[in-house]
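Written below as structure tokens is the structure these notes are about.
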Amino acid sequence: MSALIHYTGEAVTRERRTHMARPYRPGPKHFVFAARDGDDQQVSVADPQEAYVAFSAFFRGRESDTYTIKDEPARQSLVLMPRLGVISRIDDADRPRSEHLQVDRANRYLPSAMLFFENGYAGLDRFGQWFSDLSDLDASPETRGAARAATITTEAAAIEEVARIWADSGIVDPSDQYYVFFDSHDVEDDRAERAELLQLIEFLGLARVDAPAGAAGGEVWVRTDARLDVECARWS
């Protein structure tokens, strides 16, 4: 069973908007939302924000172990698997490829959908630690983090990756002397990204400092560095 839903002319609640969504050109754009219950939905939307609102309602309105967003003209898909804690992105166009991401926070699924609506497969490039082999996700978070860090061999790439990790869950300390990674997170959160970050801090020679008393156990504090300042400003 499938339903065609037009969001282009309706007043809808803006659930996630950090900037004005650019209209699809040419538009509208069509996506298919699928879940294991067989109640697929085809949507026709004017811009990524409309697509996000439509998918949010689809995602929250049912219980499924798998949710799929298909951009059939582009031959690209995003697959969310909350019970496994996995997100997969698939490109079946000229050079078929797929990559997989382990997720340890429930609030990661809908943001990944928004990035897919904005820029397709490539929109998720900087979303996290992607692996081409699904079996790689069976490794411990620390092993995955170390493997990811080992693929980064230049200072520029390392600075960019550190800034991405910070932008996802970090703050600048009110004193403006420290970047705080994984702000207010427990030590069991973000283990893979923390393992990657610690290796990159060492690779770049950044100055890690002890977190102050009362800080959450998972926080990582790093003294500000001109190289990091420039890149983090780009991600802010």
> Is it true that Phe55 and Phe31 have ring centroids separated by less than 6.0 Å?
Replying inline: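 No, too far apart.
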
Measuring only between side-chain heavy atoms, which start at C-beta, is [X] closer than 4.5 Å to [Y]?
X: Glu231; Y: Val162; value: no
X: Leu197; Y: Asp190; value: no
X: Arg164; Y: Glu193; value: yes
X: Val86; Y: Leu134; value: yes
X: Glu202; Y: Gln199; value: no
X: Leu204; Y: Glu155; value: yes
X: Asp37; Y: Ser64; value: no
X: Lys70; Y: Gln42; value: no

From [X] atom [atom1] to [Y] atom [atom2], the distance as rounded to the nearest 0.5 Å:
X: Asp225; Y: Ile159; atom1: CG; atom2: CD1; answer: 6.0 Å
X: Asp71; Y: Leu78; atom1: CG; atom2: CG; answer: 11.0 Å
X: Thr68; Y: Arg36; atom1: OG1; atom2: CZ; answer: 8.0 Å
X: Trp166; Y: Leu228; atom1: CH2; atom2: CG; answer: 8.5 Å
X: Gln76; Y: Asp91; atom1: CD; atom2: CG; answer: 4.5 Å
X: Asp229; Y: Arg234; atom1: CG; atom2: CZ; answer: 14.0 Å

>> Before you tell me yes or no, could you show the steps for Phe181 and Ile165 under side-chain contact (heavy atoms from CB on, under 4.5 Å), namely the whole-Å CA-CA distance, both residues' side-chain angles and the distance that decides it to 0.1 Å?
In response: CA-CA 7 Å; Phe181 296 81; Ile165 294 171; 4.2 Å; yes

How close do [X] and [Y] get, heavy atom to heavy atom, and via which atoms?
X: Leu200; Y: Ala158; answer: CD2-CB, 4.1 Å
X: Ser112; Y: Leu80; answer: OG-CD2, 3.5 Å
X: Ala93; Y: Ala74; answer: CB-O, 4.1 Å
X: Ser88; Y: His100; answer: OG-ND1, 2.7 Å
X: Pro48; Y: Tyr24; answer: CA-OH, 3.4 Å
X: Ile69; Y: Ala113; answer: CD1-CB, 3.7 Å

Do you reckon [X] sits in the same ILVMFWY cluster as [Y], going by side-chain contacts under 4.5 Å, direct or chained?
X: Leu110; Y: Leu124; value: yes
X: Val103; Y: Trp130; value: yes
X: Leu206; Y: Val209; value: no
X: Val43; Y: Tyr109; value: yes
X: Val222; Y: Leu198; value: yes

> ring-ring contact (aromatic ring centres under 6.0 Å, His included) with Phe33: which of Phe58, Tyr52, Phe116?
Replying inline: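 Output: one option passes, namely Phe58.
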
> Do other residues, nucleotides or ligands put more than 12 heavy atoms under 6.0 Å from Asp210 CG?
Replying inline: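 Not buried by this count: 12 neighbours or fewer within 6.0 Å.
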
> Within a radius of less than 6.0 Å around CG of Asn107, do more than 12 heavy atoms belonging to other residues, nucleotides or ligands occur?
Replying inline: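 Count over threshold, so yes.
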
> Is there a salt bridge (Lys or Arg N to Asp or Glu O under 4.0 Å) between Arg126 and Glu161 once you walk through the steps?
Replying inline: CA-CA 8 Å; Arg126 308 302 298 171; Glu161 182 71 353; 2.8 Å; yes

> How are the rings of Tyr67 and Phe59 set to each other: parallel, tilted or perpendicular (split at 30° and 60°)?
Replying inline: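 Geometry flag for Phe59 against Tyr67: tilted rings.
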
State plainly whether the residues [X] and [Y] are in salt-bridge range, i.e. N to O under 4.0 Å.
X: Lys29; Y: Glu50; value: no
X: Arg194; Y: Glu142; value: no
X: Arg105; Y: Asp189; value: no

> Looking at Phe127, does the NZ or CZ of Arg108 lie under 6.0 angstrom from its six-membered ring centre and within 45 degrees of the ring axis?
Replying inline: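 Cation-pi check for Arg108 and Phe127: passes.
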
>> Applying salt bridge (Lys or Arg N to Asp or Glu O under 4.0 Å), can you list everything that pairs with Glu99, at least two apart in sequence or on another chain?
In response: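 Result, salt bridge (Lys or Arg N to Asp or Glu O under 4.0 Å) vs Glu99: Arg89.
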
> If only atom types and distance count, is the side chain of Gln177 paired as donor or acceptor with the main-chain N or O of Thr224 below 3.5 Å?
Replying inline: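 A pair under 3.5 Å: no.
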
>> side-chain contact (heavy atoms from CB on, under 4.5 Å) for Asp136 and Arg144? Distances and angles first, verdict last.
In response: CA-CA 7 Å; Asp136 288 338; Arg144 285 187 278 114; 5.7 Å; no

>> Using side-chain contact (heavy atoms from CB on, under 4.5 Å), reason through Glu219 and Asp183 one step at a time and then give a plain yes or no.
In response: CA-CA 6 Å; Glu219 292 182 0; Asp183 175 49; 3.4 Å; yes

